[in-house]
Chemist: 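Before I ask anything, let me first share the structure, which is written out below as structure tokens.
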Amino acid sequence: MTKESPLKINAHRLWSDLMELSRFGGESQRGVERLALSEADLAARRWFQKRMEEAGLKVKEDAAANLIGRLEPKDISSSIPCVAFGSHIDTVLAGGKFDGALGICAGLEVMRVMQESGVRLSNPLELLIFTDEEGSHYAGTFGSRAMLGMVKEEELEKARKAGQPTLAQDLRRLGKDPGQIKQAQRQPTEFKAFLELHIEQGPVLEAKNIPIGIVEGIADLHRYLIKVKGQAGHAGTTPMALRDDALVKAAEIIIRVHQAVQGGGADVVGTIGEIQVYPGAINIIPAEVIMSLDLRSSRKDKLEAVCQTIKEIVSSLKNSTLEPILVKEGVPMDKQIKEIIAESCRQEGIAFCYLWSGAGHDAMTFPLVHIPTGMIFIPCKEGKSHCPEEEVSPAHAFLGTQVLAETVRRLAS
Ligand SMILES: [Zn+2]
């Protein structure tokens, strides 16, 4: 018989924190909208900081506005590396209640039960609440990248859309000096491990009826712009046979790219999600089309093969080009930590499986500086996320938090 965990997660307390947090930015019909450093986000942070302090944590905010709640066992040196866990507090436009929120509320509950159970810890614990994971200012995973020294000052001055505040402007509004962003940086040796509990944001766990997913790693991501040129002309006077319509060629590319990705096997996904047509008028034959292409896979070889096929498709059409804009290498999670998560599940008698994450997370930042990292997923209803319909069951939130707590205990004792 395996021994039961001494940690008793309070399911009611966890769920009521999640529901209370969802009220910040959740007044409208548009789900939860808590863009990083917006008024709703700042109010949520103030509330969460108070909750952390009530839970006995020493809380500070760093130069990147990350919140850090630390629990330091009395009889150990503060220089011992900490076991850290957490997620982000911001959401996308018209987002849901659980993306990010689950990881931070679960982390708070873990901090409480560690103290209530009186387990002996050999490492300090840190609950990390990251700023702007969703990239509403410019690029995603801002807070975790700043914490590990991967943000350059120039990035803070960039805005994703003209007219929106930059991170530098918003940090100044909080009384911070963006020029001091490096002060948020910490040494990898300060961390023994990092863990993130998150909703799956896909349909796999629900379809398998399995409550816990142990993340193998975060998939490779390639992004491109597909540009197709044609010849503008009068929509009324140019005979069909004489047209070079950029949008018609683009339509063919969209269908063939979709087929190429499908042909690449179940491990590859690809999306053309943005399309701009120039000059974009009802009475002008389209002269140019610019489309985005987002390709992801846990299998480098399959992704490369699909990329090659798409290059051939695009180059076979007159005046069409494929321009790479981003290549993000996939990040594997730590083998030993995956095993500790699995052991924690076995101890609790909770079913689990292994899966890859097609989405990026703060947990992908830590392995880049060789901090052992693990991720735990729970199912979300119909795989829906980044939308108001995002839903998880209280039972799954409880199980995920129990596994997180037990994994933290094993790593920190
Ligand atoms: Zn998230």
Side-chain angles (χ1 to χ4, degrees), residues 14 17-18 21-22 24-26 31-38 40-41 44-45 48 64-67 84-108 127-148 160 194-206 212-219 221 294 296 328 330-331 333 355-368 373-392 396-397 400-401 404:
L14 169 69
D17 278 345
L18 275 164
L21 177 55
S22 74
F24 295 94
V32 180
E33 199 158 285
R34 209 161 50 225
L35 296 186
L37 307 183
S38 64
D41 185 47
R45 289 154 161 278
F48 200 82
N66 294 309
L67 287 173
F85 42 95
S87 195
H88 57 99
I89 194 163
D90 63 309
T91 74
V92 292
L93 280 169
K97 294 188 181 107
F98 302 98
D99 176 4
L102 174 71
I104 65 172
C105 290
L108 178 62
L127 173 54
L128 306 178
I129 315 303
F130 297 114
T131 304
D132 203 356
E133 189 272 346
E134 300 290 4
S136 66
H137 289 85
Y138 182 64
T141 62
F142 163 72
S144 52
R145 288 186 298 114
M147 187 174 281
L148 297 170
R160 193 178 254 214
F194 176 73
L195 298 167
E196 185 170 3
L197 170 68
H198 204 279
I199 58 171
E200 182 202 337
Q201 303 184 286
V204 176
L205 292 174
E206 188 181 61
I212 295 291
I214 301 176
V215 178
E216 292 275 21
I218 292 166
L221 165 68
D294 176 303
R296 303 177 195 221
K328 251 189 183 169
V331 183
M333 294 291 113
L355 78 177
W356 280 83
S357 172
H361 296 286
D362 287 305
M364 69 197 281
T365 310
F366 289 76
L368 298 177
T373 301
M375 252 198 122
I376 303 162
F377 277 171
I378 63 164
C380 55
K381 196 175 164 202
E382 292 166 18
K384 286 181 186 157
S385 181
H386 280 191
C387 60
E389 294 79 21
E390 188 178 275
E391 199 59 69
V392 307
H396 288 153
T401 307
L404 175 68

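Just so you know, ligand 1 is whichever comes first in the structure, and atom 1 is the first atom listed for that ligand. These numbers come from the heavy atoms of this one structure, side chains and all, not from hydrogens, waters or symmetry mates.
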Chemist: Judged by modelled atom types alone, do R34 and S136 share a side-chain donor-acceptor pair under 3.5 Å?
Modeler: no
Chemist: So, using ring-ring contact (aromatic ring centres under 6.0 Å, His included) as the criterion, who are the partners of H198 when residues are at least two apart?
Modeler: H88, H361
Chemist: Which protein N, O or S atoms lie under 2.8 Å from the Zn ion (ligand 1), given by chain and residue number?
Modeler: H88 NE2, D99 OD1, H198 NE2
Chemist: Could you check T131, N66, T365 and say which one makes a side chain to side chain donor-acceptor pair (under 3.5 Å) with S144?
Modeler: T365
Chemist: Residues in side-chain hydrogen bond (donor to acceptor under 3.5 Å, both in side chains) with E33, at least two apart?
Modeler: R30
Chemist: Residues two or more places apart in sequence or in another chain: which of them pass ring-ring contact (aromatic ring centres under 6.0 Å, His included) with F48?
Modeler: none
Chemist: Does a side chain donor of either T141 or E133 reach within less than 3.5 Å of an acceptor in the other side chain?
Modeler: no
